[in-house]
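Worksheet: the structure to be examined is printed underneath.
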Amino acid sequence: MKGNPATVVPTILDEYVMLLRRLFKTQDSDEVFAGAYLTGILPIKRYNTESALNNFCDYSMIDPAYLAPCYGFTKEEVQMLAKRHNASMDNLKMWYDGYTIGSEKSIYNPYSVMKSLQRGVCRSYWTTTGAYDSVITYIQMNFDGLKDDIIRMLAGERVDVDTTEFLNDMHIVRSKNDVLTVMIHLGYLAYDFETQECYIPNKEVRDLLVFASEVAFERHHRPD
């Protein structure tokens with residue numbers, strides 16, 4: 001595919017949304033489909049303030065509803081696995097716990113838990129599979145004092161975030177709230193719906209964000 005990704009990718013996303021609209025928003029859709037279940041990282045893209053597919057139900061990291069326990073391993077599930085594999089529950093909690101998702105106050109990263117049990121050691125597994133370069137780019141933008149908020153979270157504090165502004169498009173990031181929201185969806189930050197605050201959930205993510213912040217700030221101050 002040729003061209004600037006910044007211009008090509010949104011076109012692909014728009015075409016995909018239009019395809020879904022043609023499939024699921026026609027007068028005959030109910031006669032053809034009993035239901036549809038689609039998965040992805042971000043909720044359905046919004047145009048201005050409205051979703052292009054408003055007859056769909058979104059379940060996300062910010063608003064998971066009754067699916068919250070399905071977003072990762074619960075404490076009880078990890079305890080069972082730790083006992084089966086003779087692993088340290090304290091280490092698993094320190095490295096991979098910390099996500100508050102909806103009503104679930106203790107959700108573990110399932111990928112990293114399984115990798116650590118298979119290999120017999122806790123270390124960063126999931127963060128190496130994600131959108132690491134994007135995180136560096138977002139931090140480097142330093143919208144509205146984002147750097148200071150990252151430093152506060154690395155120190156264990158929580159930061160207020162307004163998740164309503166984000167248009168659910170990683171290529172449309174216009175403010176600090178957009179950056180924090182996309183990082184929540186990607187799993188690099190946890191989100192407390194009750195307090196509307198975000199924070200760093202565990203050691204795995206903290207170690208990555210320390211390094212990502214150092215790289216981002218170094219690039220920001222590097223002479224051209």
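Contact annotation: the side chain of Leu92 never approaches that of Asp97 to less than 4.5 Å [non-hydrogen atoms, C-beta and beyond]. Residues Trp95 and Ser112 have side chains not in contact (no heavy-atom distance under 4.5 Å, counting atoms from C-beta outward). Within the 4.5 Å cutoff, no side-chain heavy atoms of Tyr96 are placed close to those of Pro201. Two residues are said to be in side-chain contact when any heavy atoms from C-beta on lie closer than 4.5 Å; Thr74 and Ile107 meet this criterion. In this structure, the side chains of Tyr108 and Ser106 come closer than 4.5 Å at one or more pairs of heavy atoms. Residues Phe143 and Ile139 fail the side-chain proximity criterion, which asks for heavy atoms closer than 4.5 Å. Side-chain contact between Val159 and Arg152 is present, with heavy atoms from C-beta onward closer than 4.5 Å. Side-chain contact between Val113 and Pro110 is absent, with no heavy-atom pair separated by less than 4.5 Å.
Annotation: side chain to side chain contact (heavy atoms under 4.5 Å, CB included) contacts of Asn202 (sequence neighbours excluded): Tyr99, Glu204, Val205. Under the side chain to side chain donor-acceptor pair (under 3.5 Å) criterion, Asp162 pairs with Thr164, sequence neighbours left out. Partners of Arg158 under the side chain to side chain contact (heavy atoms under 4.5 Å, CB included) rule, at least two apart in sequence or in another chain, are Asp192, Thr195, Glu197, Tyr199. Residues passing the salt bridge (charged side-chain N to carboxylate O under 4.0 Å, His left out) test with Asp207 are Lys203, sequence neighbours excluded. Considering only residues two or more places apart in sequence or on other chains, Phe193 meets the side chain to side chain contact (heavy atoms under 4.5 Å, CB included) condition with Tyr191. In this structure, the salt bridge (charged side-chain N to carboxylate O under 4.0 Å, His left out) partners of Asp178, at least two apart in sequence or on a different chain, are Arg174. In this view, Leu67 and Tyr59, Cys70, Tyr71 satisfy the side chain to side chain contact (heavy atoms under 4.5 Å, CB included) rule, not counting sequence neighbours. Under the side chain to side chain donor-acceptor pair (under 3.5 Å) criterion, Asn109 pairs with no residue at all, not counting sequence neighbours. Judged as a salt bridge (charged side-chain N to carboxylate O under 4.0 Å, His left out), and not counting sequence neighbours, the contacts of Lys105 are Glu194.
In terms of heavy-atom proximity, Met153 sits nearest to Cys198 at SD-O, 3.7 Å. Smallest separation of non-hydrogen atoms from Ser103 and Ala68: N-CB, 4.4 Å. The shortest non-hydrogen separation linking Leu154 to Arg206 is O-NE, 3.6 Å. Listed here is the closest heavy atom pair of Val135 and Ala212: CG1-CB, 4.4 Å. Here the closest non-hydrogen pair linking Glu104 and Pro69 is OE2-CG, 3.4 Å. Between Ser116 and Cys122, the shortest heavy-atom distance links the atoms CB-CA, 4.2 Å.
Taking CD1 from Ile150 and CG from Leu189, the interatomic distance works out to 6.0 Å, rounded to the nearest 0.5 Å. Put simply, CD1 on Ile151 and CG on Leu209 are 12.5 Å apart, with the number rounded to the nearest 0.5 Å. The distance from atom NE2 of His85 to atom CG of Leu117, rounded to the nearest 0.5 Å, is 5.0 Å.
Side-chain N or O atoms of Thr181 include none that pairs as donor or acceptor with a backbone N or O of Phe166 at under 3.5 Å.
Note: the hydrophobic cluster containing Val121 also contains Val78 (ILVMFWY, side chain heavy atoms under 4.5 Å, direct or indirect links).
Results of the salt bridge (Lys or Arg N to Asp or Glu O under 4.0 Å) test with Lys176 over Asp148, Asp160, Asp144, Asp149 single out Asp149 as the only residue that passes.
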Derivation of the side-chain contact (heavy atoms from CB on, under 4.5 Å) call for Met170 and Tyr138: CA-CA 10 Å; Met170 292 177 62; Tyr138 295 143; 3.5 Å; yes
Test side-chain contact (heavy atoms from CB on, under 4.5 Å) applied to Asp63 and Asp58, step by step: CA-CA 8 Å; Asp63 186 15; Asp58 266 342; over 6 Å; no
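Residue pairs meeting the salt bridge (charged side-chain N to carboxylate O under 4.0 Å, His left out) criterion with at least one partner in residues 78-87, sequence neighbours excluded, are absent. Sorted by first and then second residue, the salt bridge (charged side-chain N to carboxylate O under 4.0 Å, His left out) pairs with a member in residues 113-125 form an empty list; sequence neighbours excluded. Applying the salt bridge (charged side-chain N to carboxylate O under 4.0 Å, His left out) rule to pairs touching residues 66-78 yields nothing, sequence neighbours excluded.
Ring centroid separation for the pair Trp126 and Tyr188 comes in under the 6.0 Å cut-off.
Heavy atoms of other residues, nucleotides or ligands lying less than 6.0 angstrom from CD of Gln79 number more than 12.
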